[in-house]
Amino acid sequence: MTTVNLENFYKRADEAEKEIAFLKKEIELLQQNVETNNSIVNSVSMDEYVKLKQENIKLKHRVAILKRTVEAERAKSENKLKMSENNAISLYDTLFDLFKKAISVAYPDVCDPPVIIISNSNERFGDYQCNSAMALSKQLRNDGITTKPRDVAGNIVSKVEESNLISKLEVAGAGFINIYLKKEFAQKTLNTLVKNGKILPPYTKKQKVIVDFSSPNIAKEMHVGHLRSTIIGDSIARLLEFLGHDVLRINHVGDWGTQFGMLIAHLQDRFPDYLSVSPPIADLQSFYKESKARFDADQEFKKRAYNCVVKLQASNPDMIKAWQLICDVSRKEFEKIYTRLDIKLMERGESFYQKHMEAIVKDLEAKGLLEEDKGRKVMFSKRDNEIPLTIVKSDGGFTYDTSDMAAIKQRVEEEKADWVIYVTDAGQSMHFQVLKHCAERAGILKSCHRIDHVGFGVVLGNDKKKFKTRSGETVKLSDLLDEGLKRTLEKLKERERDKVLTEEELKIAQESITYGCIKYADLSYNRNHEYVFSFDKMLEDKGNTAVYLLYALTRIRSIARTANISQEKLREMAENIPISLEHEKEWKLAKVLIKFPDVLIKITNDLYLHHLCEYCYEISCVFTEFYNNCYCLEKNDLGEIVNVNMSRILLTEATAITMEQCFSILGLKSVAYM
Ligand code: ARG
């Protein structure tokens with residue numbers, strides 16, 4: 001295959017876009033025409049009615065043709081990209097395109113024909129199925145054409161182009177089209193995968209994406225809710241990075257607002273030398289509590305605190321210095337957690353947007369979008385049941401809403417983001433919904449932008465109550481991670497791993513298991529649900545858990561190692577030995593592996609990572625079936641290897657590479673020995 005000149009294709013894609021825009025306008029006009037014709041039908045004579053109806057049919061026909069032209073243009077530029085050497089092929093996408101084309105050739109007059117492709121878990125009905133015929137037959141009936149779904153299916157099948165993906169198509173039952181995949185395609189894909197030593201992402205249009213996640217608040221403890229945001233956000237960022245998007249990981253920390261006046265005023269009293277000597281505010285929590293108590297009890301102090309905020313927001317150098325000191329203390333604490341969990345983030349807190357907030361208030365005011373409400377300035381989204389954003393408080397200060405309005409504008413206009421993802425607890429979903437609608441109303445967001453709020457449920461303890469320490473305090477994250485490490489070590493010792501592994505290996509295993517388990521437990525359930533934090537459950541070595549999967553991968557990798565075949569050797573072998581998929585279980589495993597691009601595309605659409613965990617678990621279960629039925633290494637009675645099935649060793653390697661890529665997206669670290 002020749003390397004594709006991307007630039008050329010982008011240029012052509014741009015041209016096609018322009019053409020599409022033009023054709024879309026034309027279609028709109030035509031559709032309007034169609035509608036006008038429909039609406040005057042009641043007031044015209046029969047003759048005219050018949051004439052109009054014919055014209056209508058012609059117009060519909062023309063719309064269908066135009067739509068096809070548009071799609072063909074788009075497909076031309078995109079298909080080449082999809083097929084390029086740098087991308088893995090998505091079965092779903094390819095089948096979808098094939099059937100879409102076949103349907104439009106079979107039924108050229110049907111506008112927007114339904115293309116329904118599903119993947120089958122029961123092989124009896126094909127590996128995939130196209131279920132368009134039933135819906136299409138209904139649609140045809142509405143247009144006055146009666147055909148049986150089975151005939152429609154047959155007609156579609158006759159129009160499906162030759163493809164290296166499909167071995168057989170058959171019409172079944174009421175009009176289902178069963179699609180059987182070609183073994184050669186899977187074999188080639190897997191051989192290439194092992195030869196490359198890595199898996200390639202499926203094609204996606206590259207975008208600039210901002211993932212706003214973690215985002216704890218300065219001077220306050222980072223809690224389990226922030227831990228969830230950190231884990232989910234990191235995994236989404238990893239997925240999008242793998243797909244080749246330009247990802248900006250932003251930590252939108254709460255580092256601006258009234259509480260800083262209070263903290264600074266307190267710092268000035270307790271530690272007047274703070275400008276020259278590092279102050280003892282290591283325990284920021286108690287420092288925060290002290291200042292809060294004074295703020296609530298002492299009017300004089302309160303006044304001074306407000307005064308400090310005003311000065312801080314006007315960039316008074318001493319205030320900025322004091323504020324930085326406070327932020328640094330928190331930042332160090334947050335950093336420790338990020339380092340342990342291997343999370344990369346760029347801090348850009350609310351304070352970053354001070355100038356942008358001043359500007360956006362003016363901007364919204366000038367556009368007449370702000371309304372007075374008891375001294376506050378608010379902005380309505382003008383949608384039913386949506387509360388307004390508070391843009392300016394009655395004391396003139398800005399709010400969380402102001403910083404998010406300013407941030408969304410900065411992200412879209414300065415960072416040129418196409419897509420912004422916010423990861424916070426589900427409790428904030430209304431905030432982000434209103435934010436999006438207000439930003440649309442203000443003309444900041446256009447139809448080309450994608451905004452997602454990735455919400456998640458609350459974290460509960462084993463007692464199904466809000467996650468707290470025994471004494472009812474919020475749990476310190478570092479203590480939680482420590483506890484995890486301790487529990488994992490106990491488990492490893494129970495299995496006497498400390499006797500087999502070196503100290504170094506044991507430590508690596510302990511950390512990968514602990515952090516892997518915490519992440520996996522979070523990611524493997526539907527994020528909308530509440531989630532029970534339980535070390536006992538996450539450390540189980542059976543079922544869909546990180547421990548089980550980490551063990552599975554170690555075992556898979558140990559097969560080639562036992563046969564003394566190095567990674568390099570495997571890659572070399574993949575060039576010359578075709579992976580055989582003759583055994584039913586080999587074929588079953590291969591089909592699961594080549595589904596990987598589809599799984600990723602699905603997650604990119606709905607941002608539910610539990611699909612990837614389920615997929616990982618499916619791989620390991622199907623691999624076990626394969627391993628129990630197909631020997632890879634044959635041993636004699638003495639336990640010596642007498643025969644190595646090279647093709648199967650390659651299949652185990654393809655499995656390992658796929659699992660490893662899943663782990664990498666989930667933020668799990670695989671271990672060689674555990
Ligand atoms: N600091 C906020 C909190 O702890 C989360 C910020 C999320 N990001 C945003 N752009 N609002 O709830």
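As the structure is a computational prediction, the values presented were derived from the model and not from experiment. Read the numbers this way: they start at 1 and go in the same order the structure lists the ligands and their atoms. Excluded from the calculations below are hydrogen atoms, water molecules and symmetry mates; all remaining heavy atoms, backbone and side chain alike, are included.
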Q.
Among H431, Q428, H453, which one puts a heavy atom closest to atom 12 (O) of ligand 1?
A. Q428

Q: Say whether F432 and ligand 1 are in contact under the criterion: heavy-atom distance to a ligand atom below 4.0 Å.
A: yes

Quick check: [X] and ligand 1, any N/O pair under 3.5 Å apart?
{"X": "D425", "value": "no"}
{"X": "Y422", "value": "no"}
{"X": "Y400", "value": "yes"}

Q: Work out which heavy atom in I232 is nearest to a heavy atom in L609; give both atom names and the distance.
A: O-CD1, 3.9 Å

Q: Go through ligand 1 atom by atom and flag the ones less than 4.0 Å from a non-hydrogen atom of H226.
A: 3 (C), 4 (O)

Q.
Parallel, tilted or perpendicular: which one describes the rings of H266 and F287, with boundaries at 30° and 60°?
A.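 Geometry flag for F287 against H266: tilted rings.
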
Q: Check whether the side chains of S394 and R376 place a donor and an acceptor atom closer than 3.5 Å, and report yes or no.
A: no

Q. Side chain, backbone, both or neither: which part of D404 has a heavy atom under 4.0 Å from ligand 1?
A.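 Under 4.0 Å from ligand 1, D404 contributes side-chain atoms alone.
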
Q. Considering only heavy atoms, does N217 approach ligand 1 within less than 4.0 Å through its side chain, its backbone, both, or neither?
A. side chain

Q: Give a yes or no answer on whether the side chain of D598 reaches the backbone of Y92 with a donor-acceptor pair at less than 3.5 Å.
A: yes

Q.
Under a 3.5 Å distance rule, please check whether T390 uses its side chain to pair with a backbone N or O of V392 as donor and acceptor.
A.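 Not confirmed, T390 side chain does not pair with V392 backbone.
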
